[in-house]
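Below: the structure, in structure tokens.
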Amino acid sequence: MEEETFFYCQECNGKITLDQLALLNEGKCPHCGSLAGFSTNPKGTEDGFEKARVLNDSDFLNGNF
């Protein structure tokens, strides 16, 4: 069974699923409305930008993540 991937708002640390991330309105966090972005690491756990990977629409459509 595949583990579900969660994404964390980099402003409020709100947690969402991949399906919720794909349905976001203009990329805004559903918890706080921020455009700060999302990471698979909760806010403040480490410098996530060292290993960051940018995903675009084709990645989500093709399941390349």
Side-chain angles (χ1 to χ4, degrees):
M1 185 171 154
E2 190 175 317
E3 255 185 66
E4 187 164 20
T5 302
F6 292 99
F7 295 85
Y8 299 87
C9 174
Q10 294 302 288
E11 182 67 33
C12 73
N13 212 33
K15 182 170 83 169
I16 62 172
T17 65
L18 178 61
D19 291 337
Q20 291 170 319
L21 183 64
L23 297 173
L24 286 182
N25 182 20
E26 299 176 357
K28 293 180 181 177
C29 173
H31 302 286
C32 70
S34 171
L35 290 171
F38 293 86
S39 172
T40 53
N41 293 323
K43 182 180 174 184
T45 56
E46 64 179 60
D47 183 6
F49 290 103
E50 284 183 26
K51 301 175 191 171
R53 177 169 175 226
V54 175
L55 300 174
N56 61 36
D57 291 346
S58 64
D59 290 321
F60 288 106
L61 292 172
N62 297 324
N64 298 329
F65 41 88

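Here, residue 1 is the first one in the sequence, and each next residue gets the next number.
In this structure, Glu26 and Leu35 approach most closely via the heavy-atom pair O-CD2, 3.3 Å. Smallest separation of non-hydrogen atoms from Gly14 and His31: CA-CD2, 3.6 Å. Across Cys29 and Phe38, no two heavy atoms sit closer than the pair CA-CZ, 3.6 Å. Of all the heavy atoms in Leu24 and Pro30, the pair that sits closest is CD2-CD, 3.5 Å. Listed here is the closest heavy atom pair of Cys12 and Cys9: N-SG, 3.4 Å.
The side-chain heavy atoms of Pro42 and Phe6, taken from C-beta on, include no pair separated by under 4.5 Å. Side-chain contact check for Phe7 versus Leu18: some heavy-atom pair is nearer than 4.5 Å.
In this structure, Lys15 NZ and Gln20 CD are separated by 10.0 Å, a value rounded to the nearest 0.5 Å.
The side-chain contact (heavy atoms from CB on, under 4.5 Å) search around Ala22 returns none, not counting sequence neighbours.
Here the options are Leu23, Ile16, Thr17, Leu21, the test is side chain to side chain contact (heavy atoms under 4.5 Å, CB included), and the partner is Asp19; only Thr17 passes.
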